[in-house]
J.: 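The structure is given below, and queries will be raised subsequently.
Chain letters run A, B, ... following the sequence lines, proteins first, then strands; residues in each count from 1.
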Number of protein chains: 4
Amino acid sequence: MLWSTDKRSQILQAAFKLFAQKGFFHTTVEEVAQEAGVGKGTVYGYFASKQEMLHQMLCFATDYYFDKFYEVMEGNGGLREKLETIAREHFRFFNRHKDVARVILFEHRHITDDLGDWLIQKEQRRINFLEETLRQAAEAGEIRPVDYQVAARMITGSLWNVGMELAISSFQGSERQMAGGIVDVIWSGLKKE
Amino acid sequence: MLWSTDKRSQILQAAFKLFAQKGFFHTTVEEVAQEAGVGKGTVYGYFASKQEMLHQMLCFATDYYFDKFYEVMEGNGGLREKLETIAREHFRFFNRHKDVARVILFEHRHITDDLGDWLIQKEQRRINFLEETLRQAAEAGEIRPVDYQVAARMITGSLWNVGMELAISSFQGSERQMAGGIVDVIWSGLKKE
Amino acid sequence: MLWSTDKRSQILQAAFKLFAQKGFFHTTVEEVAQEAGVGKGTVYGYFASKQEMLHQMLCFATDYYFDKFYEVMEGNGGLREKLETIAREHFRFFNRHKDVARVILFEHRHITDDLGDWLIQKEQRRINFLEETLRQAAEAGEIRPVDYQVAARMITGSLWNVGMELAISSFQGSERQMAGGIVDVIWSGLKKE
Amino acid sequence: MLWSTDKRSQILQAAFKLFAQKGFFHTTVEEVAQEAGVGKGTVYGYFASKQEMLHQMLCFATDYYFDKFYEVMEGNGGLREKLETIAREHFRFFNRHKDVARVILFEHRHITDDLGDWLIQKEQRRINFLEETLRQAAEAGEIRPVDYQVAARMITGSLWNVGMELAISSFQGSERQMAGGIVDVIWSGLKKE
DNA sequence: TATGAATGAGGATTCATTCAT
DNA sequence: GATGAATGAATCCTCATTCAT
């Protein structure tokens, strides 16, 4: 379950909703407090500052998101199945937690440099992990040799970008279908002859 | 040439630099004025408000970016060549106008709904154009039939995402090499057989 | 009592003093806050804007002023006594609440049209009330028939104008004497032969 | 004729129109320049500052207004006729030069103290003149003895106040009728027996 | 622990005034 | 003289943060 029911989670939930709707800067701490049904001062009992709140939100959200990714990738099965599961889980996340997704996508700019670096590294580790996985799949003969770094970026890029469409526009599609379409093209591009 | 030397361009240039560095909200109009070497009031002689300034920046930047796209796509040549040229131009844009790219990528959130819609439609038209081009290429036997909408999104998504890496991280690579890598994988995924 | 001691009244009082001294436009919100001994932000906790502050000031002041008028007019007694009481109360108000009077007299220009209309109607109702009272007094044989509308305006006009002198100049006189003088002339003008 | 056609008068005329419509503070120098059909800098060729412009406007307008008053009062004829002429001229002025009247009535607040004093003295001299005239009329047996100072203020007060109604509300009436009504009541109040 | 009244630093915007052309 | 582009002081208002209750 994404949300607990304690006060801290209430606040986080409210913040995700409002930051997603109106952006970090256009949301006031007072609004978050109201949405969460607590007093303004209470927010400061759980988060040192508005910035800190966003930091924790992004940590929470990306942990949740990336944990899923590694869980799938480290499981058993062929690469193609893994990619399809990843894609499906990605779109499921964007569909179910549109608010969280929007905050990850758009508000990571308003974070301090050190957290920004931390996030970039987190994504970089994912890219590296994927790159390595692709390399191994190539060595195992599952796919043909390509520029693994670029291919890894393509995969994540496609996912983020289609996810972004989900988040900002009214573009709709079933998770399975979208995941299938993407992996179909990617796989054709990667598979051995 | 991207920049003229009149006062309006000086201000736009300063704004691109600062918005890219620090974001729209963290940049004050006074800072833009200083960077441009003009008085605060002068900025308001050219732009009705800070918002309006961002609007015009985004119009300018996306016009510049998309014009290039259509110029290439409507030229002669096979699909693969076109895709490579598009990709190369894309990365050239991101390398040369990092500031502009960062503003397009990250600050489009801080725009009013009507401009947001306008931008989304602009990108949507590009997707549709690409989709149609892919369909025609398939009919002409250049590529195999796929989900053209998804494929179009994959292509643009890959470009944006790799471009985003260029913009925010220190990831580097030659425009030709990056373009080649991406199109290589995409083309394998699309080509007949 | 005109003034309570809560924070809202402190601010109103400070605003009356400063607006009266320097006018609405020449008084800054910061000055009002300082005079009231509160922070600038506190003012905005009680009044949505500087305009809104003036609106509420005028509502408050004119309510206070007009309530007194109707209280007297609806009491018992002959017309002449009523007019004298009205005049005396009018001057008492101007003497005691010079600040408030100055704001009523001079700052009603800086209000939005709707409040302006509201104020004009308030005064219009008073004129009408007075006109009707004069008419009844004429029917009762207390005064001779005249143009009641013009007479009503003369009375209020005389009061406002002499009051204005009190407010802007150093012209001084006892409330009783001024009221007596005015009503003496008016009454001679109105009384039956 | 009130208006000449030279550039200075064009500007004054425009200023009267705009100050009357929107008040001194809500009118910008640029607007005055546009309305007058000249450049912004040109205004400063004729008036040292916006303040100075208002000063000269008020001097011009009050000179015009008071000159008429003294012209009538110093002419031949009985007091009653003079009062009626004064009243008629007063309302004619307010009807014909509503803009000018509104500026006199409402914008005299935004003037520096020295000019304010000058205006107050101007009106004071008029009051004194009227007071003296009333006194002489009393000695000549034209009217009964009253408090001449108060009576003088009543007359001017009635005129200003009814004039103010003309200026701000839609209250209408023929100059002759209004003048007649006022003087009728006043005269009854003043006349012997 | 929870609250929200109070605060004031910070920033967008306006506009009277100047001055080079 | 006439002009209007350029200027920046001045001011309204917001909102993150604190702290007494």
Side-chain angles (χ1 to χ4, degrees), chain A residues 6-8 10-11 24-34 36-54, chain B residues 6-8 10-11 24-34 36-54, chain C residues 6-8 10-11 24-34 36-54, chain D residues 6-8 10-11 24-34 36-54:
Chain A
D6 61 0
K7 207 160 281 195
R8 189 169 176 282
Q10 278 172 47
I11 295 170
F24 178 69
F25 273 97
H26 283 129
T27 303
T28 67
V29 174
E30 180 135 42
E31 286 170 323
V32 173
Q34 264 181 2
V38 300
K40 201 188 336 178
T42 307
V43 172
Y44 284 86
Y46 292 93
F47 305 93
S49 69
K50 196 187 173 190
Q51 275 292 336
E52 172 68 15
M53 194 159 79
L54 180 60
Chain B
D6 62 0
K7 206 153 285 191
R8 190 169 176 281
Q10 278 173 49
I11 296 170
F24 177 70
F25 276 101
H26 283 126
T27 304
T28 69
V29 173
E30 183 137 41
E31 285 170 325
V32 173
Q34 266 179 0
V38 299
K40 203 187 334 176
T42 306
V43 172
Y44 284 89
Y46 292 92
F47 305 94
S49 68
K50 196 187 173 190
Q51 275 291 336
E52 173 69 15
M53 193 158 79
L54 179 59
Chain C
D6 61 0
K7 205 153 285 194
R8 189 170 176 281
Q10 277 173 49
I11 295 170
F24 178 70
F25 276 101
H26 283 127
T27 304
T28 69
V29 174
E30 183 136 42
E31 284 170 324
V32 173
Q34 264 179 1
V38 300
K40 202 189 333 178
T42 306
V43 172
Y44 286 90
Y46 291 93
F47 305 94
S49 68
K50 196 186 172 190
Q51 275 292 336
E52 172 69 15
M53 193 159 79
L54 180 60
Chain D
D6 62 0
K7 208 160 279 194
R8 189 170 177 281
Q10 277 173 46
I11 296 170
F24 178 70
F25 273 97
H26 283 127
T27 304
T28 68
V29 174
E30 180 134 43
E31 286 170 324
V32 174
Q34 264 180 2
V38 300
K40 203 188 333 179
T42 307
V43 173
Y44 284 86
Y46 292 94
F47 304 94
S49 69
K50 196 186 174 191
Q51 275 293 335
E52 172 68 15
M53 192 159 78
L54 180 60

J.: Among F/dA2, F/dA6, F/dT7, which nucleotide sits nearest the side chain of B/K7?
T.: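 Of all the options, the side chain of B/K7 is nearest to F/dA6.
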J.: When the nearest nucleotide of DNA chain E is assigned to C/V43 and to A/G45 on a heavy-atom basis, which residue is associated with the more 5' position?
T.: A/G45
J.: Report the residues that fulfil side-chain contact (heavy atoms from CB on, under 4.5 Å) with B/T27, sequence neighbours left out, ordered by chain and then residue number.
T.: B/L18, B/F19, B/K22, B/E31, B/V32
J.: How would you summarise protein contacts on nucleotides 15-21 of chain E per nucleotide, using B for base, S for sugar-phosphate only and - for none, with heavy-atom distances below 4.0 Å?
T.: SSBB---
J.: Grab the two heavy atoms, one from B/Q10 and one from B/A36, that are nearest each other, plus how far apart they are.
T.: OE1-O, 3.2 Å
J.: If I take atom CD1 in residue B/I11 and atom C1' in nucleotide F/dT7, what distance separates them, rounded to the nearest angstrom?
T.: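 Interatomic distance, CD1 of B/I11 to C1' of F/dT7: 12 Å.
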J.: Under the rule for side-chain contact (heavy atoms from CB on, under 4.5 Å), what residues qualify as partners of B/Y46, not counting sequence neighbours?
T.: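 Per chain and number, B/Y46 pairs via side-chain contact (heavy atoms from CB on, under 4.5 Å) with B/K7, B/R8, B/I11, B/T42.
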J.: As a quick check of understanding, evaluate side chain to side chain contact (heavy atoms under 4.5 Å, CB included) for A/M53 and A/F24, giving each step before the final call.
T.: CA-CA 10 Å; A/M53 194 159 79; A/F24 178 69; over 6 Å; no
J.: Measuring from atom OG1 of B/T28 to atom CD of B/Q34, what distance do you get when rounded to the nearest 0.5 angstrom?
T.: 7.5 Å
J.: Would you call the rings of C/F25 and D/F25 parallel, tilted or perpendicular if under 30° counts as parallel and over 60° as perpendicular?
T.: parallel
J.: In whole Å, I'd like the distance from the CD atom of A/Q34 to the C1' atom of E/dT3.
T.: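 The distance from CD of A/Q34 to C1' of E/dT3 comes to 13 Å, rounded to the nearest Å.
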J.: How many whole angstroms separate atom CG of C/L54 from atom P of F/dC12?
T.: 13 Å
J.: List for me each residue that meets side-chain hydrogen bond (donor to acceptor under 3.5 Å, both in side chains) alongside C/E30, sequence neighbours excluded, and say none if there are none.
T.: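 Listed in chain order: nothing, the list is empty.
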J.: Would you list the pairs meeting salt bridge (Lys or Arg N to Asp or Glu O under 4.0 Å) in which at least one residue belongs to residues 41-53 of chain A, sequence neighbours left out?
T.: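 Sorted pair list comes back empty.
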J.: Give one of base, sugar-phosphate or nothing for C/F47, where a contact means two heavy atoms less than 4.0 Å apart.
T.: nothing
J.: Which dot-bracket string fits DNA chain F when only Watson-Crick or G-U wobble pairs with both atom distances under 3.5 Å count, crossing pairs get [ ], and | stands for a partner on a different strand?
T.: .||||||||||||||||||||
J.: Whole-Å distance between F/dG4 P and B/Y46 OH?
T.: 14 Å
